[in-house]
Amino acid sequence: MLQVNEIRANFAHACERLNARNIENPEELLGNVLKLEDLRKQIQLDRDNLQAESNAISKQIGQLMKSGNREEANKIKERTSEIKQQVKTLEERYSQTEKELTQILYTIPNIPHASVPAGNSDTDNEVVLENGTIPSLEDSNKSPHWDLIKKYDIVDFELGVKITGAGFPVYKGKGAKLQRALVNFFLDEAEKAGYAEVQPPILINEESGYATGQLPDKEGQMYFAQEDGLYLIPTAEVPITNMYRGSILQEEELPIKNTGYTPCFRREAGSWGAHVRGLNRLHQFDKVEIVQITHPDNSYKTLDEMSLHVQSLLQKLELPYRVLRLCGGDLGFTSALTFDMEVFSAAQERWLEVSSVSNFETYQSNRLKLRFKNKDKKTVLAHTLNGSALALPRIMAAILENNQGEEGIKMPKVLVPYLGFDTIK
RNA sequence: AGAGGAGUGGCAGAGUGGUCGAAUGCGGCGGUCUUGAAAACCGUUGUACCGCGAGGUACCGGGGGUUCGAAUCCCUCCUCCUCUGCCA
């Protein structure tokens, strides 16, 4: 959620940047925020003054009662009941105004970083770099992974349908081992890069959902356990970042670096189509996430560091990839700047998104109330960042599709120690 | 899941209707003393909002209520502990 003070201080800039997201008439939207904030302040002032008077009178009554002067006490009681009514009215107006303000703020996405290009959709994303050799398409009679997994019997979708439904595959044999190897490899690499591993809960309460911005924005995208009011996590970002909700850290503790492996659950309502076959889009998938909490001065340096970490994983897995800077139209609601990493699949003849690393600046920390004491002993909001490092299914798809050959599917060298075999045949 | 108990400042722990935002101890920070350190002593030490400021308001697990006045009384929810039950 945006900070009202920041909106006020950088009004023109905020409007200009929200235009990059195709927000209609940001001047009016942000103008309303400021108006409501002014109203809120005015109500608070009136209310506080009345309460100050009431407190003073109550004290007087106490003293009069003590000295036995009941009559006088009863006399001034009248004024307090008058004040009480007024305070009650103001109290209602106050919470209503505050609620209204929060509701509007919930609908406003993060202000895109200056480097975010304007644009409507993923076609406007900016390619930052490409790495690795893109497999040529001519000499490839490569099979897509949904054929390969059947051929080698390593992922079973039908079985998943029987147990749960579409989008919940069963990994079998070497497929299951490959999953486990990837998780361990990713966690080990994250640990080497200084991320402390955690295993968070995979169900979260409503408060956590609001704090990192999944609610109310993505309400329908999360599975909901109604009986207990808990949501299945769409990403480990939610529980890991929420570990620090309400915290006031010391500046020396920054940056905080955490990594965690979790399954992730997404309803993906209404997003099924031509490009979602096989492992391309699932309701349940595994992911290793990296999260950082940083000093505001360092967050963009940190974003680059995280991007390089993800890239190093792709290089070690010998996958050709590219890095995209997301345009305003494709940028996530809570993000100020996002880099997507995509690997190329020769069999599908297209790029597959395998990671997203984002800087949320203070958008999440403002909701999280995640702060730190700076050198001047002032309490200020920290910046939060996260990234997938990495999501498994499409990595698995790319490994299968890009490494297939006559003799089977060659496993990337770095995974062999984890797997105990070098080829799926 | 049932019965009982408890939730107070960074921690420990008083306070059961009126100068209580809250005693005291520990810890933290600053200082005195010391060649330095420790000890001792003195001072200071929660968060948020409003206000140029003086200052004001709110917060004693969350929400609601009673009262002129609530940490204190009532209702409700949450969490933790103990016992019983159940169970990876």
Side-chain angles (χ1 to χ4, degrees), chain A residues 1-9 33-105 199-211 215 225-231 239 242-254 256 262-263 362 364-382:
Chain A
M1 172 158 73
L2 295 178
Q3 300 174 80
V4 178
N5 287 344
E6 292 292 315
I7 295 175
R8 201 181 294 277
V33 168
L34 296 188
K35 259 188 240 161
L36 274 170
E37 170 79 351
D38 289 340
L39 180 60
R40 203 209 90 228
K41 283 184 188 176
Q42 186 54 49
I43 297 170
Q44 176 174 351
L45 194 65
D46 294 347
R47 184 200 62 187
D48 283 1
N49 285 339
L50 276 173
Q51 263 168 351
E53 191 186 337
S54 170
N55 286 345
I57 295 174
S58 287
K59 242 174 218 177
Q60 264 185 54
I61 292 174
Q63 273 156 7
L64 288 169
M65 292 293 215
K66 247 183 205 163
S67 58
N69 197 341
R70 292 200 134 238
E71 279 174 42
E72 188 65 26
N74 283 325
K75 223 167 163 187
I76 52 178
K77 264 192 198 177
E78 282 172 35
R79 171 63 185 151
T80 49
S81 48
E82 207 179 299
I83 292 175
K84 217 175 149 188
Q85 269 313 309
Q86 291 173 13
V87 167
K88 202 175 174 186
T89 311
L90 286 173
E91 200 71 65
E92 276 161 18
R93 280 185 61 203
Y94 183 87
S95 54
Q96 199 199 323
T97 308
E98 199 180 36
K99 204 171 149 189
E100 218 173 302
L101 181 59
T102 309
Q103 288 303 323
I104 293 187
L105 285 172
Q199 255 187 45
I202 59 178
L203 278 90
I204 50 135
N205 57 30
E206 194 182 39
E207 216 177 335
S208 295
Y210 273 99
L215 294 171
Q226 196 160 18
E227 187 80 4
D228 298 288
L230 300 174
Y231 296 84
N242 267 283
M243 295 196 303
Y244 302 96
R245 169 152 48 91
S247 300
I248 298 176
L249 305 162
Q250 296 303 313
E251 184 165 343
E252 308 83 70
E253 293 177 77
L254 302 176
I256 285 179
T262 66
T362 59
Q364 287 185 327
S365 58
N366 190 30
R367 284 200 203 176
L368 286 155
K369 295 283 169 280
L370 167 50
R371 293 157 296 175
F372 71 97
K373 272 218 193 312
N374 70 10
K375 293 214 170 71
D376 306 327
K377 307 237 162 127
K378 282 217 162 147
T379 310
V380 295
L381 293 173

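Just so you know, these numbers come straight off a predicted model, no measurement behind them. In what follows, chains are A, B, ... by sequence order, proteins preceding strands, each numbered from 1. Any value given below was found using the heavy atoms of this structure, including those in side chains, with hydrogens, waters and symmetry copies removed.
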Run the side chain to side chain contact (heavy atoms under 4.5 Å, CB included) test on Leu249(A) and Arg371(A) for me, step by step, so that the C-alpha distance in whole Å, both residues' side-chain angles and the decisive distance to 0.1 Å come before the verdict. CA-CA 6 Å; Leu249(A) 305 162; Arg371(A) 293 157 296 175; over 6 Å; no

If I compare all heavy atoms of Thr97(A) with all of Leu36(A), which pair ends up nearest, and what's the gap?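 So the minimum-distance heavy-atom pair works out to CG2-O, 3.7 Å.
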
Going by the rule side chain to side chain donor-acceptor pair (under 3.5 Å), which residues pair with Asn366(A) if we only count those two or more places apart in sequence or in a different chain?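 Checked Asn366(A) against side chain to side chain donor-acceptor pair (under 3.5 Å); zero matches.
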
In whole Å, what is the span from the [atom1] atom of [X] to the [atom2] atom of [N]?
| X | N | atom1 | atom2 | value |
| --- | --- | --- | --- | --- |
| Gln51(A) | rG51(B) | CD | P | 17 Å |
| Gln63(A) | rG18(B) | CD | C1' | 9 Å |
| Ile43(A) | rU57(B) | CD1 | P | 19 Å |
| Leu230(A) | rU79(B) | CG | P | 10 Å |
| Glu53(A) | rG69(B) | CD | C1' | 15 Å |
| Glu207(A) | rU79(B) | CD | C1' | 13 Å |

Hey, what are the protein-to-nucleotides 61-68 of chain B N/O distances that come in under 3.5 Å?
residue : atom : partner  : partner atom : Å
rC68(B) : O2'  : Ser58(A) : OG           : 3.1

Expressed as a whole number of Å, how far does the [atom1] atom of [N] sit from that of [M]?
| N | M | atom1 | answer |
| --- | --- | --- | --- |
| rA70(B) | rC81(B) | C1' | 27 Å |
| rG21(B) | rC78(B) | C1' | 25 Å |
| rG31(B) | rU19(B) | C1' | 31 Å |
| rU24(B) | rU45(B) | P | 13 Å |
| rG5(B) | rC75(B) | P | 13 Å |
| rA12(B) | rG61(B) | P | 14 Å |
| rG13(B) | rA23(B) | C1' | 10 Å |
| rG9(B) | rU47(B) | C1' | 10 Å |

Is the count of non-hydrogen atoms from other residues, nucleotides or ligands lying under 6.0 Å from [X] atom [atom1] greater than 12?
| X | atom1 | result |
| --- | --- | --- |
| Arg245(A) | CZ | yes |
| Glu78(A) | CD | no |
| Gln250(A) | CD | yes |
| Lys35(A) | NZ | no |
| Glu253(A) | CD | yes |

Can you find a side chain N or O atom of Asn49(A) that sits less than 4.0 Å from OP1 or OP2 on rG56(B)? no

For rC78(B) and Asn205(A) - does any side-chain N or O of the residue sit under 4.0 Å from the phosphate oxygens OP1/OP2? no

Would the distance check show the side chain of Asn242(A) and the main-chain N or O of Ser208(A) forming a donor-acceptor pair, the cut-off being under 3.5 Å? yes

Only pairs under 3.5 Å count here: list side-chain donor-acceptor contacts from residues 58-65 of chain A, not counting sequence neighbours, and write none if there are none.
residue  : atom : partner  : partner atom : Å
Ser58(A) : OG   : Ser54(A) : O            : 3.2

State which residues pass side chain to side chain contact (heavy atoms under 4.5 Å, CB included) with Thr89(A); sequence neighbours excluded, sorted by chain then number. none

Protein-nucleotides 47-50 of chain B N/O pairs closer than 3.5 Å?
residue : atom : partner   : partner atom : Å
rU47(B) : OP1  : Lys373(A) : NZ           : 2.6
rA48(B) : OP1  : Arg371(A) : NH1          : 3.1
rC49(B) : O3'  : Arg40(A)  : NH2          : 3.1
rC49(B) : O2'  : Arg40(A)  : NH2          : 3.0
rC49(B) : O2'  : Gln44(A)  : OE1          : 2.3
rC49(B) : O2'  : Gln44(A)  : NE2          : 3.0
rC49(B) : O2   : Gln44(A)  : NE2          : 2.9
rC50(B) : O4'  : Gln44(A)  : NE2          : 3.3

At under 4.0 Å between heavy atoms, what does Asn55(A) touch on the DNA or RNA strands: base, sugar-phosphate, or nothing?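 Sugar-phosphate, no base atom in range.
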
Under a cut-off of 3.5 Å for both distances of each Watson-Crick or G-U pair, what dot-bracket string does RNA chain B give, using [ ] for crossing pairs and | for inter-strand pairs? ((((((((.[[[..)..(.....]]]((((((.......))))))(((((....))))).[[[[[..)....]]]]])))))))....

How far does NZ of Lys75(A) sit from CD of Glu71(A), to the nearest 0.5 angstrom?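 Reported value, rounded in 0.5 Å steps: 8.5 Å.
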
